[in-house]
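To start, the structure itself, in structure tokens.
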Amino acid sequence: MLASQVLAPTLRDDPANADVVSHRLLLRAGFIRQLGSGLFTWLPLGLRVVQNVEAIVREELNRTGAQEVLMPVVQPAEIWQESGRWDAMGPELLRIIDRHARDYCFSPTHEEVVTDVLRQTMESYRDLPLSVYQINTKFRDEIRPRFGLMRAREFIMKDGYSFHLDDESLDVTYRAMHDAYAAILDRIGLRYRSVQADSGMMGGSDSEEFHVLADSGEDLIAYSPNSGYGANVERAEALSNGERPAPKESLTRVETPNAKTIEGVSKLLGIPPTRCVKTLMVHGTDSLIALILRGDHQLNEIKAAHLDGVIAPLRFASDEEISKSLNVDPGSIGPVELGVPYIVDRSADVLSDFVCGANENGFHLTGVNWLRDTPQGRVEDLRNVEPGDQSPDGSGPLAFARGIEVGHIFKLGRKYTESMNVTVQMPDGDDLYPTMGCYGLGVSRLVAAVVEQCHDEKGILWPKAVAPAMLHIVTINQQRSTAVEQAASNLYIECQREGIEVLWDDREERPGVKFNDAELIGIPYRVTIGDRGLKQGTFEFQHERSESIDVRPDDVISRLVAS
RNA sequence: CAGGGUGUAGCUCAGUCUGGUCAGAGCGCUUGCCUUGGGAGCAAGAAGUCGGGGGUUCAAAUCCCUCCACCCUGACCA
């Protein structure tokens, strides 16, 4: 590539409206341009990175025995109605109407289509297991696209689907996908963790997410440094903190005027929040339900929404609803003689002599004890894990990190094969609904994640595996020195012969401009060719941001090949 | 969708409160000269329906109404 010809418009200033590192640097370095909210054009350098990532993904996926296919992105409503997701997906599904007034959507994911293909082609148990994947554009009408490529509406995704006769077979492919994802991220050279996850709208049982570690990540993950345990905090199991001590205090009603928060109550009574209990009111299937947590703990809304009797997604009761059904205002609620069912978090359950609302405005109770003063209630895991918590696998305290979710693998079960009536005939003549797995990997998000993890204050530092080129040739005064021009041209041709991708900055720019752009763009190796070095018969050779060394022109290729 | 912010030249922004030499700057771009190892200098130049529409006024980038777009905080997810 010649810099004078390639469309790589670098920007001197940081673009407005791009706070996130990857968004800012990809824009500045001329890799992408933005069309609208969550809509991006990949310019030549950016597209190369995308294609490099795709090549690695293909290799590792093919290695698992998965077969590449390509499915339509515009899909008729019928198959979505069949699976039930035409309604279930809600406004995230971008719906379109064709000239005959027929309903279509721009696909956010391809379970329906792949299932439809399978039912047309699959007849016998002999056809299974089958694993297919594609790399394709997805569209999700996100409530709020943000962070540039990290949460775009239109994005590139590798999505794979597998079909099996039984759970053991699904297990084999699921593990293979897990290993393939790990291999992909290893090859790119990223720091990442795979963690247990909530399966969200996909349904199904097991699911694991792959997170690229970065402070800008949207997700918080908890992991044990001493074992393989890791989980999204949405999902990480919170243990109770120890055993419940025996009651010592007697139940006392105290006046707490104007103390409506845990902080206010604990300050007023001189009791730490860890000895208080908070009572949150949510909608249940039959009535309001109280969720009871230790004062300093955070409710995990996803865990709560999964509980029987609780409406999903979680809906908090309004102040009016609370006052109406409990005859007490929020801020003075507690489990003692509450009048509606309550669910107690494990860590609240092991408290004794605690403080809670008295269900009377302006009053709290101290010295409250389960069983003695109020029924123990149903005990569940309701809270977020936090620093200091023990890993649920008993391997010691949890550590926390922020992550960018780039991949998610699911065991789906028979949800789609049953709803869309896909069967194969078994040896005994009976029909069987295959079980299914699905495996997503966000290719364009992965590119952003690479930048989030691989950059410094000057620009991007592409890992070799995905860099838009291996070598950046920077010529000094090329337009006035035929020696420089000739030396660069020779190296450029030699690289092409060796199959080394190279970007030659042949523009008529001053050296400072070229150096700054080179650092922004972040190609791993840089060779600077100027008359100064040429007098000694050397080029300057530089890896990433390291000090440059003088090398003989003949050595450049061998160094690159060796790297 | 709720809350907050922004919209003026290709890019980054000033000007808006207090209406009237306010159509501006820097960078970039074009031409010429000069310079050539870390975003040079000089000179000349091109470039904007001031997000759109409506209104108030003798007069609107500036005040009012309305719509739109983009960004940030929350629910969603690869």
Side-chain angles (χ1 to χ4, degrees), chain A residues 9-20 23-24 27-28 30 33-39 53 57 89-93 108-110 135-160 181 197-202 207 209-212 217-219 232 234 301-302 305 313-316 403-410 438-449 458-459 474-481 484 507-520 526 528-535 540 548:
Chain A
T10 55
L11 264 18
R12 275 199 190 213
D13 299 307
D14 275 336
N17 290 340
D19 296 336
V20 174
H23 190 197
R24 180 167 58 81
L27 237 21
R28 266 196 74 181
R33 277 294 118 103
Q34 185 160 358
L35 173 65
S37 185
L39 303 172
V53 171
V57 170
M89 289 282 300
E92 194 177 331
L93 185 65
T109 173
H110 280 67
I135 297 174
N136 205 348
T137 298
K138 295 281 181 283
F139 193 97
R140 294 185 187 171
D141 201 356
E142 293 280 349
I143 300 170
R144 186 153 89 79
R146 56 183 148 168
F147 306 148
L149 292 173
M150 297 241 265
R151 180 171 300 284
R153 289 192 294 174
E154 187 173 312
F155 57 96
I156 304 166
M157 175 169 156
K158 188 287 298 179
D159 49 325
Y181 279 29
D198 186 78
S199 25
M201 67 149 184
M202 305 297 302
S207 90
E209 292 168 347
F210 285 77
H211 286 266
V212 170
E218 283 189 87
D219 288 275
N232 198 310
E234 290 176 347
E301 298 188 22
I302 291 170
L314 202 64
R315 241 179 78 216
F316 285 98
I404 301 163
E405 182 192 349
V406 295
H408 200 159
I409 58 177
F410 301 84
C438 82
Y439 318 97
L441 184 72
V443 172
S444 42
R445 180 181 283 182
L446 193 44
V447 172
K458 290 178 171 173
V474 174
T475 46
I476 310 288
N477 275 332
Q478 175 189 334
Q479 274 68 22
R480 299 179 37 157
S481 165
V484 168
R507 297 174 301 167
E508 188 169 1
E509 290 287 354
R510 300 173 63 85
V513 173
K514 292 190 175 191
F515 290 142
N516 280 298
D517 275 353
E519 279 149 3
L520 240 192
R526 181 164 104 198
T528 305
I529 302 176
D531 281 322
R532 207 167 72 183
L534 248 29
K535 276 184 198 138
E540 286 155 59
S548 69

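Order of the sequence lines fixes the chain letters, A, B, ..., with proteins taken first and strands second; residue numbering starts at 1 for each chain.
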Closest listed nucleotide, where the reference is the side chain of [X] and the choices are [options]:
| X | options | result |
| --- | --- | --- |
| A:R12 | B:C76, B:C27, B:G37 | B:C27 |
| A:D19 | B:C72, B:A78, B:G37 | B:C72 |
| A:M157 | B:G37, B:A78, B:C77 | B:A78 |
| A:F147 | B:G37, B:C72, B:C76 | B:C72 |
| A:R532 | B:U73, B:A78, B:G37 | B:G37 |
| A:D219 | B:U12, B:C77, B:C71 | B:C77 |
| A:R144 | B:C70, B:A75, B:G39 | B:A75 |

Please report the distance, rounded to the nearest Å, between [atom1] in [X] and [atom2] in [N].
| X | N | atom1 | atom2 | result |
| --- | --- | --- | --- | --- |
| A:I156 | B:C77 | CD1 | P | 22 Å |
| A:R28 | B:C27 | CZ | P | 16 Å |
| A:R507 | B:G28 | CZ | P | 12 Å |
| A:D14 | B:C27 | CG | P | 18 Å |
| A:E92 | B:A78 | CD | C1' | 11 Å |
| A:I143 | B:G3 | CD1 | C1' | 15 Å |
| A:I404 | B:C77 | CD1 | P | 18 Å |
| A:I476 | B:G39 | CD1 | P | 12 Å |

Practice item. Run the numbers on A:K514 and A:I476 for side-chain contact (heavy atoms from CB on, under 4.5 Å), then give the verdict. Key: CA-CA 9 Å; A:K514 292 190 175 191; A:I476 310 288; 5.9 Å; no
Point to revise | A:R24 bridged to A:D19 by N-O distance under 4.0 Å | key: no
Opposite nucleotide pairing with [N], Watson-Crick or G-U, both atom distances under 3.5 Å:
| N | value |
| --- | --- |
| B:G28 | none |
| B:A9 | none |
| B:G19 | none |
| B:U62 | none |
| B:A75 | none |
| B:G41 | B:C33 |

Base [N] to side chain [X], donor-acceptor N/O within 3.5 Å cut-off:
| X | N | value |
| --- | --- | --- |
| A:R526 | B:G38 | yes |
| A:D517 | B:G39 | yes |
| A:E509 | B:G39 | no |
| A:R510 | B:U35 | yes |
| A:R445 | B:C77 | yes |
| A:E519 | B:G39 | no |

Using a 4.0 Å heavy-atom cut-off, does [X] contact any base of the nucleic acid, only the sugar-phosphate backbone, or nothing at all?
| X | value |
| --- | --- |
| A:A449 | nothing |
| A:N136 | nothing |
| A:G90 | nothing |
| A:V513 | base |
| A:E209 | nothing |
| A:N516 | base |
| A:P9 | nothing |
| A:Q34 | sugar-phosphate |
| A:D159 | nothing |
| A:G407 | sugar-phosphate |

Less than 4.5 Å apart, any side-chain heavy atom of [X] and any of [Y]?
| X | Y | result |
| --- | --- | --- |
| A:M157 | A:V443 | no |
| A:Q34 | A:N17 | no |
| A:M150 | A:H23 | no |

**Study point:** side-chain N/O A:R146 vs B:G74 OP1/OP2, d < 4.0 Å
**Key:** yes
Check your understanding: Quick one: is B:A78 close enough that its OP1 or OP2 comes under 4.0 Å of any side-chain N or O from A:T109?
Key -> no
Using atom [atom1] of each nucleotide, how far apart are [N] and [M] to the nearest Å?
| N | M | atom1 | result |
| --- | --- | --- | --- |
| B:U6 | B:A47 | P | 31 Å |
| B:A40 | B:C33 | C1' | 14 Å |
| B:U16 | B:G7 | P | 12 Å |
| B:U21 | B:U35 | C1' | 38 Å |
| B:A9 | B:C50 | P | 10 Å |
| B:G3 | B:G48 | C1' | 33 Å |
| B:C68 | B:U30 | P | 39 Å |
| B:C1 | B:A60 | P | 33 Å |

Review point. A:F515 and A:T528: side-chain contact (heavy atoms from CB on, under 4.5 Å), yes or no, with the steps?
Key: CA-CA 9 Å; A:F515 290 142; A:T528 305; 3.8 Å; yes
**Study point:** Derivation of the side-chain contact (heavy atoms from CB on, under 4.5 Å) call for A:R526 and A:E540
**Key:** CA-CA 8 Å; A:R526 181 164 104 198; A:E540 286 155 59; over 6 Å; no
Check your understanding: Between A:G442 and A:R480, which has a closest nucleotide on RNA chain B that is more 5'?
Key -> A:R480
Check your understanding: More 5' along RNA chain B: A:R151 or A:K458, using each one's nearest nucleotide?
Key -> A:K458
Exercise for review: Would you check, one step at a time, whether the test side-chain contact (heavy atoms from CB on, under 4.5 Å) holds for A:R140 with A:T109?
Suggested key: CA-CA 9 Å; A:R140 294 185 187 171; A:T109 173; 3.8 Å; yes
Exercise for review: Answer yes or no as to whether B:A78 has its base stacked against A:F155, where stacking requires a ring-centre separation under 5.5 angstrom and planes under 30 degrees apart.
Suggested key: yes
Check your understanding: Taking everything shown except A:E508 itself, do over 12 heavy atoms lie less than 6.0 Å from its CD?
Key -> no
Check your understanding: Would a distance-only check, ignoring hydrogens and angles, find a side-chain to backbone donor-acceptor pair under 3.5 Å from A:Y181 to A:Y439?
Key -> yes
